[in-house]
Asks: 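Before I ask anything, let me first share the structure, which is written out below as structure tokens.
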Amino acid sequence: MPKSTDHVHVGHNVRIARGASVTAAVVIGGSAVIDTEAWVGINSSIRDGKHVGSHALVGMDVSLPA
């Protein structure tokens, strides 16, 4: 089961794998993928269609651009 906190906005067709952690104030664009055991930091943005790999770390206040 993925873990998330408050103020997380998840777009359409997003896939978040088992064991992934999504922290507060994260925005995930449509059709993005977050793989197993990945961690997405506070106030980060994952743009439409981006892929966060297995065991990846997306730091605080980071934006994965288009």
Asks: Can you name the nearest heavy-atom pair linking Lys50 to Leu64, along with the distance?
Replies: CG-O, 4.1 Å
Asks: Val26 and side chain to side chain contact (heavy atoms under 4.5 Å, CB included): which partner among Val40, Val58, Val10?
Replies: Val40
Asks: Starting at NE2 of His7, measure out to CG of Asn43 and round the result to the nearest 0.5 Å.
Replies: 11.5 Å
Asks: Which residues pass the side-chain hydrogen bond (donor to acceptor under 3.5 Å, both in side chains) test with Asn13, not counting sequence neighbours?
Replies: none
Asks: What are the two closest non-hydrogen atoms of Ala32 and Arg47, and how far apart are they?
Replies: CB-O, 4.0 Å
Asks: Please identify each residue that fulfils side-chain hydrogen bond (donor to acceptor under 3.5 Å, both in side chains) with His51, with sequence neighbours left out.
Replies: Asp35
Asks: Measure the spacing between CD1 of Ile34 and CD1 of Ile46 and express it to the nearest 0.5 Å.
Replies: 5.5 Å
Asks: Please tell me whether Val14 and Val52 are part of a single hydrophobic cluster in this structure, the criterion being side-chain heavy atoms less than 4.5 Å apart.
Replies: yes
Asks: For residues Ala38 and Gly53, report the shortest heavy-atom separation together with the two atoms involved.
Replies: CB-O, 3.6 Å
Asks: Would you mind reporting whether His12 and Ser31 have side-chain heavy atoms less than 4.5 Å apart?
Replies: yes
Asks: Are Val8 and Val62 co-members of a hydrophobic cluster defined by side-chain heavy atoms under 4.5 Å apart?
Replies: yes
Asks: Are Ile28 and Val33 grouped together when hydrophobic residues (ILVMFWY) are joined by side-chain heavy atoms under 4.5 angstrom apart?
Replies: no
